[in-house]
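What follows is one structure encoded as structure tokens, with my remarks underneath.
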Amino acid sequence: PAALPTPTAAAGGAPDAAAPTSAPATTHATDAAPTSTAAPSPETAESSTSPSASASPTVAVPDAPAADPTGPSLLVDDSLGVRLALGGLAAVAASGVLLGARLLRRERESSRPVGRRFIEPSDEVRRLETALGLAGQLVPGDAQPPTGRPELVGAAMRLLADHWWAARLRPPRLRRAVLTEQVLVLQFADPPPSLPPGFRTAPDNSCQVTWSGLGAATPPDRSVVYPGLVTLGQDADGHLVMVDVVTWGVLAVDGEDAELPTQSLSAMTIELACAPWADELNLRVATADRRFVEVASVATPRTFAEPEAAVLELERQSRERRALLLLTSSSYDSLRLDPDLSDAWAPTVYLFERQPDAAQVRRIRTAVDGERLGLSAVVPVSAVAPAVAADEPRLHLVPGEPGEQPVAVLEPASVRVAAQTLRPEVRRAISDLYESARSDMTFPASWWREDLEAVEGLDDLEGVDMGEEPASTPLPVPRLEPSARSGPSLRLIEADAAPPNAERPVPVDESTTVRPFRAVRAPRLRLFGAVGLDHAQGEEPAKSRRSCVEYCAWLLENPGATASEMNADLFVTDGTRRANLSRLRSWLGAGPDGELYLPEAYSGRIRLASTVSSDWIELKRLIDAGINQTPTDVLRSALALVGGAPMADASPGEWAWASALRSDMVELVRDLAVVLARRERIAGDLDAARWACQRGRLVAPDDELLVCELMRIADAAGQPDDVATLLRQLQRAASRRGVDLRGETVALAQELIEGRRREVLRIS
């Protein structure tokens, strides 16, 4: 992996003492046999004389660079609204949930039938998804990492695992991880034996690495070192505090309010199930709500209806691992880091949403305590089943002030944070989000015109009626020509975006009713590729430019919305909305008739002038008759408007509301590209067919139907090596997503590469 820049170099001169300041821990004899049956917690030997022993780590970080007024927008200033929508879920867990939902959608999207679209989520689920996308902005700091924090935390843990395995070093026990504005701080129970380049040590058994350094590194393809990492909450400075539940062995959870332990366990469950490294952890949950655990997960946790079944499995796994460790004479940590053994020795966390009784808690402790086995349990306790000694790990939850999160105190570490929780209604909404992301149910797409029931039943693309060239063109549509200003518009497009057979233009009759499409320079939004606003008549705002562009897009998608609807969808306050709408109004300016492009909303409804458009709106107008009923020349013009993926330059947190818009843009463009490519291939213009596929892959790079078309094109061109290369690309993409190729794709590959489809004998 690439060496990381040091925190000082990457952050503009961080002070050398930038590190947590809690008291150092006494070194454990980690490789020696334990002297008692109780596994030492990471805090057991904490110094009792240190004045800072009860303090959470205080991290000194360099000053943040000055914010770029034209840089990423920070639309969320209604942080209370986001927190309420998240139900107490912290930023890392929220990002993991959103990432998991997007991965599930990607798994199903590449084989969607043409002319169909997936069921849309409910308004409640959309609002939750927007809040999940904005969660990262709740972490203090002007500059958000270019990559999500969960992925960067995973990168750090992979770099550490790779380094320690190469040096044959045993990883120290992790006391906590602290996520600040600019650095990730890892605090250990013992001094770290050695660290990869870019990780800087501090005198209190901690190290730190910058987000920018992690973003620039290439982490190795291996397991993370602490896969049980989970968020406790936020400290007084707003920094996220995480702990590794595997390190703690058995962690008891109790609360002064009976609902708090349940909400804390819900948050832990969803984070452990949806973290980017969730498939590296075996999660076992004793729960009465199997739907939440099994549906709202990236991996597939095992669930138990009763605590006793979970306890029995934990005891069995404990016996097996103890016996194997005696045979191998190795430590668990060494086996876990071995790339050839890491899967078999993956940590297992038993999380008890259903409370075990006192006898079961004692059995859990017996199974886990002692030598490290990679087994841990998170157990709710109460007066009914205490079974927890005063010096054993406990997470105690206390109700917060009205409107504030509960307080979580982790003992004996004396860590005090605003607790991460998950309220029941948000728990249900997350289940709905994942069900909608997994669902393969489709309905007729608005951009398709024909007997859709027949189309849905046809698996082979060659059998779908793509709508051959219509007999007549309903309206003359202008070709797209080079622009004197940036960005394409109708009648305007970059020269290199034209399809290979552009010598067949559609004639423009200047006397027809399509005159509004001529060179009228009304404001036009670019949503494909890098977002931007062309032909605005006013001056570009000095600040919040990207927010203004985003507001403009939202208004185009929600014409006639009210101020309160805009506030709720974008999670902004009245003051922020008014200020940015005023900037946008001045930037858009007025038309030749003096009418503002963003009129004052005297009626209570906010609406842009009808002449304000976007490349997305123009594309939809061009194929309004239905993709399969639109002339080929017009399809070329429509596809030439696609300059990249939707909102391709949006940073994390921007355009969080636009998930449904992105899906619509991707699905329509993919269908358009497939139809056009097939028409051009059948007509014998292989260059034009290839261009259509390449355009489509700007928005759907791993789409099976597009790659199948490219394979057919390569076969028609007499390029068998290209067919094989495309198949390998498709197989690798499917492997990354953890899905199988369509049966039709496999049959096509056999036909093109082997000359015929293999016969399959079906035995009933």
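The environment of CZ in Arg108 is crowded: more than 12 heavy-atom neighbours from other residues, nucleotides or ligands sit within 6.0 Å.
Contacts of Arg127 classified as salt bridge (Lys or Arg N to Asp or Glu O under 4.0 Å), with partners at least two apart in sequence or in another chain: none. For Glu129, the side chain to side chain donor-acceptor pair (under 3.5 Å) criterion is met by Arg105, Ser659, not counting sequence neighbours.
Between Glu259 and Arg423, none of the side-chain N atoms (NZ, or NE/NH1/NH2) sits under 4.0 Å from a carboxylate O, so this pair counts as no salt bridge. Residues Asp574 and Arg577 are paired through a salt bridge, judged by an N-O separation under 4.0 Å between the basic side chain and the carboxylate.
Across every non-hydrogen atom of Ser436 and Val125, the tightest pair is OG-CG1, 4.5 Å. Closest heavy-atom contact between Trp554 and Glu565: CZ2-O, 4.0 Å. Contact record, Leu260 with Val398: CD1-C, 3.9 Å, taken as the closest heavy-atom pair. When all heavy atoms are compared, the tightest approach of Ala638 to Leu622 is CA-CD1, 3.6 Å. Considering every non-hydrogen atom in both Leu588 and Pro523, the closest pair reads CD2-CB, 3.6 Å. Of all non-hydrogen atoms in Asp664 and Trp616, the two that sit nearest each other are O-CH2, 3.7 Å.
No side-chain heavy atom of Thr573 sits under 4.5 Å from any side-chain heavy atom of Asn567. Side-chain contact between Pro406 and Thr421 is present, with heavy atoms from C-beta onward closer than 4.5 Å. Here the side chains of Ile606 and Tyr551 are not in contact, with every heavy-atom distance at 4.5 Å or above. When side chains are defined from C-beta on, Leu184 counts as touching Trp211, because their heavy atoms get closer than 4.5 Å. Using a 4.5 Å heavy-atom cutoff, the side chains of Ile430 and Leu128 are in contact. Put simply, the side chain of Val531 does not reach to within 4.5 Å of the side chain of Leu525, judged on heavy atoms.
A donor-acceptor pair under 3.5 Å is absent between the side-chain atoms of Glu667 and the main chain of Arg117, judged by distance alone. In this structure, Ser95 contributes its side chain and Ala91 its backbone to a donor-acceptor pair below 3.5 Å. Counting only distance, with no hydrogens or angles, the side chain of Asp671 and the backbone of Ile627 share no donor-acceptor pair below 3.5 Å. Side-chain N or O atoms of Arg116 include one that pairs as donor or acceptor with a backbone N or O of Thr442 at under 3.5 Å. A donor-acceptor distance shorter than 3.5 angstrom exists from the side chain of Arg670 to the backbone of Arg112, with no hydrogens or angles considered. Side-chain N or O atoms of Gln537 include one that pairs as donor or acceptor with a backbone N or O of Arg521 at under 3.5 Å. Put simply, the side chain of Asp615 never gets that close to the backbone of Arg526: no donor and acceptor are under 3.5 Å apart. A donor-acceptor pair is defined here as one N or O able to donate and one able to accept, closer than 3.5 Å; such a pair exists between the side chain of Asp235 and the backbone of Asp237. With hydrogens and angles ignored, the 3.5 Å screen pairs a side-chain donor or acceptor of Arg695 with a backbone N or O of Val642. A donor-acceptor contact shorter than 3.5 Å is absent between the side chain of Tyr434 and the backbone of Phe292.
Side-chain contact annotation: Glu271 with Gln420, donor-acceptor N/O pair under 3.5 Å present.
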